Amino acid sequence: MRRLNRKKTLSLVKELDAFPKVPESYVETSASGGTVSLIAFTTMALLTIMEFSVYQDTWMKYEYEVDKDFSSKLRINIDITVAMKCQYVGADVLDLAETMVASADGLVYEPAVFDLSPQQKEWQRMLQLIQSRLQEEHSLQDVIFKSAFKSASTALPPREDDSSQSPDACRIHGHLYVNKVAGNFHITVGKAIPHPRGHAHLAALVNHESYNFSHRIDHLSFGELVPAIINPLDGTEKIAIDHNQMFQYFITVVPTKLHTYKISADTHQFSVTERERIINHAAGSHGVSGIFMKYDLSSLMVTVTEEHMPFWQFFVRLCGIVGGIFSTTGMLHGIGKFIVEIICCRFRLGSYKPVNSVPFEDGHTDNHLPLLENNTH
């Protein structure tokens with residue numbers, strides 16, 4: 001009974017076979033079929049390689065939400081060189097809450113040479129080239145996000161020449177922690193001193209002819225410092241054409257959470273517009289000479305996540321490629337073969353001509369072809 005049940009089960013399974021096998025003696029091959037098969041296999045191989053390259057690649061997903069964190073501090077990373085001696089300039093931050101953050105809380109004043117060495121000029125030229133490409137092709141920002149911590153640092157390289165030139169500039173670098181409200185980071189003449197109505201700079205002791213706010217921004221970023229990330233103002237250089245000149249940068253800061261397969265960081269992106277003008281009170285252009293960076297924070301937070309195609313999706317797409325090419329090439333081959341057979345049949349029918357019949361004496365006709373007689377001599 002068990003053997004009988006097994007046979008019935010096997011016969012039932014065989015009847016459910018959706019892939020019946022055809023004996024090889026019944027299979028007919030042709031040159032056209034082989035050509036189509038070769039084209040199909042080549043196409044499948046190329047598409048499989050392309051699909052595998054897509055599977056290996058990753059992309060950045062952007063999500064937006066309201067930033068609910070306003071109690072924490074905002075970090076400002078600064079590296080700016082001003083073409084004035086350090087004892088003549090002062091830097092600090094004043095926000096809308098009238099909270100002053102002095103430069104002594106995290107900034108270092110370092111005497112430097114304003115003119116760059118040949119290697120540093122090449123670095124600056126390449127950085128400015130990247131900035132121009134980023135403005136034209138925004139998708140390059142995804143490449144920069146994915147290359148964080150993997151590519152070379154974007155910091156200004158040290159001087160390679162032992163220049164005996166005396167320092168004529170001041171490099172202000174370091175970081176400050178400020179409130180997460182709109183504020184103004186500025187560099188102007190004289191050191192800052194606080195007073196009940198805000199703060200002031202001791203500019204009276206500095207000769208007016210020594211004002212020179214030509215500057216170079218080697219780095220400016222907000223939030224956690226992430227190596228290899230290029231910010232909009234990195235590599236910017238401005239040359240003052242007058243002693244009384246104001247440089248203004250209006251910055252909108254967007255909180256950003258970056259999650260890639262290499263890093264996870266809470267940083268900030270920002271956009272900036274620039275303006276510069278000469279201070280001339282007689283002409284109605286009022287203000288204070290210096291460098292002013294007015295920043296404001298966006299209420300939206302961006303979450304940037306690096307994503308990868310799952311394996312099941314890659315497998316489904318691969319099966320679709322193989323099955324689709326097999327079905328399409330088989331259908332095209334059948335249609336082409338059918339058209340060729342129709343054309344060949346019409347050509348044969350058109351080339352056929354009936355033979356003239358031979359009449360007999362009794363009125364009948366002979367439709368048979370005449371036999372050829374051999375002439376023998």
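These numbers were taken from a predicted model, which means no experiment stands behind them. Numbers here are sequence positions counted from 1.
Salt-bridge formation is detected for the pair D218/R216: a Lys NZ or Arg NE/NH1/NH2 atom is positioned less than 4.0 Å from an Asp or Glu carboxylate oxygen.
If you chain together hydrophobic residues whose side chains sit under 4.5 Å apart, I172 and M293 fall into the same group. Y64 and M60 fall within a single hydrophobic cluster, where Ile, Leu, Val, Met, Phe, Trp and Tyr are joined by side-chain heavy atoms under 4.5 Å apart, directly or via other members.
Nearest heavy atoms, L107 versus A91: CD1-CB, 4.2 Å. Of all heavy-atom pairs between S289 and T188, the closest is O-OG1, 2.7 Å. Looking at every heavy atom in both residues, I251 comes nearest to L220 through CD1-CD2, 4.0 Å.
Within the 4.5 Å cutoff, no side-chain heavy atoms of Q131 are placed close to those of T236. Between T58 and T260 the shortest side-chain heavy-atom distance does not fall below 4.5 Å.
For an aromatic pair to be called close, the ring centres must be under 6.0 Å apart, and F222 with F270 satisfies this. Aromatic rings of H243 and F213 (six-membered ring for Trp) have centroids beyond the 6.0 Å cut-off, not under it.
H186 and D92 share a donor-acceptor pair across their side chains, judged by distance under 3.5 Å alone. Between the side chains of N77 and S221, a donor-acceptor pair is found at a separation under 3.5 Å.
Remark: H175 pairs with Y177 by the ring pair (Phe, Tyr, Trp, His ring centres under 6.0 Å) rule, at least two apart or across chains.
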